[in-house]
Amino acid sequence: MKNFKLNIIFFFAVSINLLLSCGYQPILNKENQNFTISKFNLEGNKRIAGLLKNNLISTKKAVNVIELDIKSEKKTAVSNKSQSGKILTYSMTLTFEIAASTNKNILFNKVYTKSQNYSASDVHSDTLNNEKKVVESLVESIAGELQIELNSIF
């Protein structure tokens, strides 16, 4: 019985030591970023493009200076209706056409598209809140993908 307790204590001590000293470092932070975004050219739906701009991490001390051209589009469609014609769910698609360049040298042109459904509510303001949450979620997802793309280039 004593050996069993010692084995359990030893196991937990080793487990905690391994978990605390794993050396994990996130790659999407300011310390690992070798670029800065100096200028944003926004076209299309400026509100959504502005949300994307605010979600991107930028540092001021980086050597590589990037200019982003962002063309955004938001499409909302009815996804599901009841038999009586009442709207049950909407489908939203966000499309961003992004061109990154440094000193007029084009790094990449890429189109990011994400879609998600959200439910309609009996109260219109609740439906608008659901739409706002979906937009924020999709923009955060696209910003993460763009950040990874830019980190892989530099």
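Everything numeric here is computed off the predicted structure, so don't read it as measured data.
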Inter-residue atom distance [X].[atom1] - [Y].[atom2], 0.5 Å rounding:
{"X": "Asn117", "Y": "Ser79", "atom1": "CG", "atom2": "OG", "result": "4.0 Å"}
{"X": "Leu51", "Y": "Leu94", "atom1": "CG", "atom2": "CG", "result": "9.5 Å"}
{"X": "Asn151", "Y": "Leu146", "atom1": "CG", "atom2": "CG", "result": "9.5 Å"}
{"X": "Leu52", "Y": "Ile98", "atom1": "CG", "atom2": "CD1", "result": "5.0 Å"}
{"X": "Ile142", "Y": "Lys114", "atom1": "CD1", "atom2": "NZ", "result": "6.5 Å"}
{"X": "Gln116", "Y": "Ser141", "atom1": "CD", "atom2": "OG", "result": "9.0 Å"}

What do you reckon, is [atom1] of [X] surrounded by more than 12 foreign heavy atoms closer than 6.0 Å?
{"X": "Ile8", "atom1": "CD1", "result": "yes"}
{"X": "Asn54", "atom1": "CG", "result": "yes"}
{"X": "Asn103", "atom1": "CG", "result": "no"}

Check whether any side-chain heavy atom of [X] sits under 4.5 Å from a side-chain heavy atom of [Y], and report yes or no.
{"X": "Thr102", "Y": "Val65", "result": "no"}
{"X": "Glu97", "Y": "Asn109", "result": "no"}
{"X": "Ser101", "Y": "Leu107", "result": "no"}
{"X": "Asp122", "Y": "Lys86", "result": "yes"}
{"X": "Glu145", "Y": "Phe96", "result": "no"}

Next on the checklist: Which residue is it: Asp69, Ile66, Leu68? I am looking for the one with a side chain to side chain contact (heavy atoms under 4.5 Å, CB included) to Phe40.
Outcome noted: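 For Phe40, the side chain to side chain contact (heavy atoms under 4.5 Å, CB included) test succeeds with only one of Asp69, Ile66, Leu68, which is Leu68.
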Closest non-hydrogen atom pair between [X] and [Y], with its separation:
{"X": "Leu138", "Y": "Met92", "answer": "CD1-O, 4.2 Å"}
{"X": "Ile87", "Y": "Ala120", "answer": "O-CB, 3.5 Å"}
{"X": "Leu56", "Y": "Ala143", "answer": "CD2-O, 3.8 Å"}

Item to check | salt bridge (charged side-chain N to carboxylate O under 4.0 Å, His left out) between Glu73 and Lys71, intermediate numbers included | outcome: CA-CA 7 Å; Glu73 182 180 1; Lys71 185 187 285 185; over 6 Å; no
Checklist entry - Any sub-3.5 Å donor-acceptor pair from Lys133's side-chain atoms to Asn129's backbone N or O? => result no
Next on the checklist: Quick check against the 3.5 Å criterion: does Asn130 have a side-chain atom that pairs as donor or acceptor with the backbone of Ser119?
Outcome noted: yes
Next on the checklist: Between Thr93 and Ser115, is the side-chain hydrogen bond (donor to acceptor under 3.5 Å, both in side chains) condition met? List the steps.
Outcome noted: CA-CA 4 Å; Thr93 303; Ser115 297; 3.0 Å; yes
Item to check | Side chains of Glu67 and Asn41, donor plus acceptor under 3.5 Å | outcome: yes
Item to check | Pairing of Glu131 and Lys74 as salt bridge, 4.0 angstrom limit | outcome: yes
Checklist entry - Is there a path from Leu128 to Leu88 through hydrophobic residues (I, L, V, M, F, W, Y) whose side chains come within less than 4.5 Å of each other? => result no
Checklist entry - Do Ile70 and Phe108 share a hydrophobic cluster, counting only Ile, Leu, Val, Met, Phe, Trp and Tyr and linking them when any side-chain heavy atoms are less than 4.5 Å apart? => result yes
Next on the checklist: Aromatic contact between Tyr90 and Tyr118, with the criterion being ring centroids under 6.0 Å apart: yes or no?
Outcome noted: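 Ring centroids of Tyr90 and Tyr118 are less than 6.0 Å from each other.
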